[in-house]
Amino acid sequence: TKLRFYLSLYLSRAGVRNGRFTELSGRLESPDAYGSKGRRVFFWTPSATAGARVIVHDVLPGIISKVNDLGLDWEVSAGATVPDGKLDDLICFKAVPDADQRTRSGRVVMLICDQADAYWPHLSSYDALVATSSHPFAQLVALRNPNTFYIGESEPPELVDAGVDLLKDIDFTPRRHLVWHGGAYSLGALRDLQPVLSKMDFGSDAALRIVSGTGPERSEQWGRLKVDYIPWAVESLQRVAATARLGLVPARPSLKNSWLKPASRVRRLFGMGVPAIGDGRVPDVKKFMEHFDGPLAANTTQWASTIKQLWNSPETLANLAKAGHEVVKEHYTTRRTAVQWLNFLRQG
């Protein structure tokens, strides 16, 4: 199974063999377009992961709000346990239902953002797949199921609104810190930049602030650069964003961890009002940055030169922050994602 997955991945990356998917519209239709019959929809999230929070639970309030605005007779909910009774749609976030759950559901859907290798044998057994992350990821999983749809990942409105407040004070000169955020498994890509960062002069009051994990706060030195480790929480990231001059988001080098990945960590920083350098090897990052000619780096030399150029250009950073934030606000909020879900559900 692993061999078949990786063979498909390499063929997909080479453009030799790709599946087709449907990208769902973010345009809200008239109430009649969504039908008059009642509908019971359940998003099954058996594990309380960061992915479940971002992809399901952050979006769910927007879906319910749109359902109510349209006056639809739909019951939409989410949780760790599949409820009793009949369901019109069982949407499984990286989960495999048993025979009884399948029998009680009119349509069984796999919602998947990563770990396609782990679920590769099961993907063909669903009535439909909804892929997030990126177009390359959707193309890959569509090889296993021709009824594949794409809904990109997005940011909650309250976070984007916080970015609006932060960008009211557009002077980046007082901001003296670098920021990185993400899971501990991604830290290796940042550590690959340690030789570069440790030799650069960011000023005596500068620090690299790493928002990740659950351990206690601690600090260390990378040459002249102080590095602070801060446990991950949305509130912590917002606090760090308020003093951040520049974000760094390098990707891990393997195809599974670069080619398929979303621009979510770069996009979140811009959504919060922090300009960031993205990894030029990640198609979804490039797609996001193309909206406003955002900064990219694909190797150590490019990272070093781009960091140095931007760090000493507060005006350029301010312009990038404003431009990137506008793109997030227009194209990448959960308000749009909620409408995309309604447009998927009405097809069932």
**Q** With a 4.0 Å cut-off, would you call D98 and R102 a salt bridge?
**A** no

**Q** Can you check whether G85's main-chain N or O pairs, donor with acceptor, with R104's side chain at less than 3.5 Å?
**A** yes

**Q** Between I277, L246, V328, V274, which is the residue that forms a side chain to side chain contact (heavy atoms under 4.5 Å, CB included) with L269?
**A** V274

**Q** Between W44 and I63, is there a shared hydrophobic cluster once you connect ILVMFWY residues whose side-chain heavy atoms come closer than 4.5 Å?
**A** no

**Q** Do Q194 and L225 have side-chain heavy atoms sitting under 4.5 Å apart?
**A** no

**Q** Is it true that a side-chain atom of Q347 and a backbone atom of N343 form a donor plus acceptor pair closer than 3.5 Å?
**A** yes

**Q** Do E290 and K287 sit within salt-bridge range, that is, some charged N less than 4.0 Å from a carboxylate O?
**A** no

**Q** Give the other cluster members for F21, using side-chain heavy-atom distances under 4.5 Å between Ile, Leu, Val, Met, Phe, Trp and Tyr residues; answer none if it is isolated.
**A** Y150

**Q** For side-chain contact (heavy atoms from CB on, under 4.5 Å), just list the numbers for Y34 and V67, CA-CA rounded to whole Å, side-chain angles, deciding distance to a tenth of an Å, and then say yes or no.
**A** CA-CA 9 Å; Y34 297 94; V67 165; over 6 Å; no

**Q** Check whether T45 reaches the backbone of S47 with its side chain - one donor and one acceptor, N or O, closer than 3.5 Å.
**A** no

**Q** Without swapping roles, check the side chain of Q139 against the backbone of N18 for a donor-acceptor pair under 3.5 Å.
**A** no

**Q** Given the side-chain rings of W180 and Y229, with only the six-membered ring counted for Trp, is the space between their centroids under 6.0 Å?
**A** no

**Q** In terms of side-chain geometry, is the basic nitrogen of K261 or D284 positioned less than 4.0 Å from the acidic oxygen of its partner?
**A** no

**Q** What orientation do F288 and F292 show, parallel under 30°, tilted 30 to 60°, or perpendicular over 60°?
**A** perpendicular

**Q** Side-chain donor-acceptor pair under 3.5 Å between Q221 and K226, yes or no?
**A** no

**Q** Should D127 and R107 count as an ion pair when the cut-off is N to O under 4.0 Å?
**A** no

**Q** Whether the side chain of S305 engages the backbone of T301 through a donor-acceptor N/O pair (distance < 3.5 Å, no angle test) should be reported.
**A** yes

**Q** For G188, is there any backbone N or O sitting under 3.5 Å from a side-chain donor or acceptor partner on R252?
**A** no

**Q** Salt bridge (charged side-chain N to carboxylate O under 4.0 Å, His left out) between R191 and E220: does it pass, once the steps are laid out?
**A** CA-CA 13 Å; R191 289 191 176 277; E220 63 185 30; 3.8 Å; yes

**Q** Any luck finding a side-chain donor-acceptor pair between S212 and H181 under 3.5 Å?
**A** no

**Q** Show, in sequence, the C-alpha distance, side-chain angles and deciding distance for R20 and T148, and conclude whether the side-chain contact (heavy atoms from CB on, under 4.5 Å) test is met.
**A** CA-CA 7 Å; R20 294 184 178 182; T148 294; over 6 Å; no

**Q** Name the one of L296, V196, L248 that satisfies side chain to side chain contact (heavy atoms under 4.5 Å, CB included) with W303?
**A** L248

**Q** Should D228 and R218 count as an ion pair when the cut-off is N to O under 4.0 Å?
**A** no

**Q** I'd like to know if D88 pairs up with R40 as an ion pair, taking the criterion as any Lys NZ or Arg NE/NH1/NH2 lying under 4.0 Å from an Asp or Glu carboxylate oxygen.
**A** no

**Q** How close do W341 and I91 get, counting heavy atoms only, and between which atoms?
**A** CZ3-CD1, 3.8 Å

**Q** What I want to find out is whether D89 reaches R39 closely enough, with some N-O distance under 4.0 Å, to be called a salt bridge.
**A** yes

**Q** Return yes if a side-chain donor-acceptor contact under 3.5 Å exists between S124 and N145, otherwise no.
**A** no

**Q** Within the distance-only criterion (no hydrogens, no angle test), does the side chain of N312 pair as donor or acceptor with the backbone N or O of K308 below 3.5 angstrom?
**A** yes

**Q** Going by the side chain to side chain donor-acceptor pair (under 3.5 Å) test, name the single residue among T334, T337, D58 that passes it with S154.
**A** T337

**Q** Just jot down the salt bridge (Lys or Arg N to Asp or Glu O under 4.0 Å) partners of R346, sequence neighbours excluded, or say none.
**A** none

**Q** So, E330 versus H291: side-chain donor-acceptor pair below 3.5 Å or not?
**A** no

**Q** Is it true that T173 and D171 share a donor-acceptor pair across their side chains at a distance under 3.5 Å?
**A** yes

**Q** Does one side chain, of T132 or E153, offer a donor that lies under 3.5 Å from an acceptor on the other?
**A** yes

**Q** Evaluate the criterion side-chain contact (heavy atoms from CB on, under 4.5 Å) for residue pair W259 and V282; output intermediate values, then yes/no.
**A** CA-CA 5 Å; W259 179 252; V282 183; over 6 Å; no

**Q** Any donor and acceptor pair, going by atom type alone, linking the side chain of Q302 with main-chain N or O of A298 inside 3.5 Å?
**A** yes

**Q** I want to check something: taking the side chain as every heavy atom from C-beta on, are L87 and S105 in contact at a cut-off of under 4.5 Å?
**A** yes

**Q** Any side-chain heavy atom of L143 sitting closer than 4.5 Å to one from R17?
**A** yes

**Q** Between W311 and F202, does the ring centroid distance fall short of 6.0 Å?
**A** yes

**Q** What closest approach, in Å, do A118 and P121 show between heavy atoms, and which atom pair accounts for it?
**A** O-CD, 4.0 Å

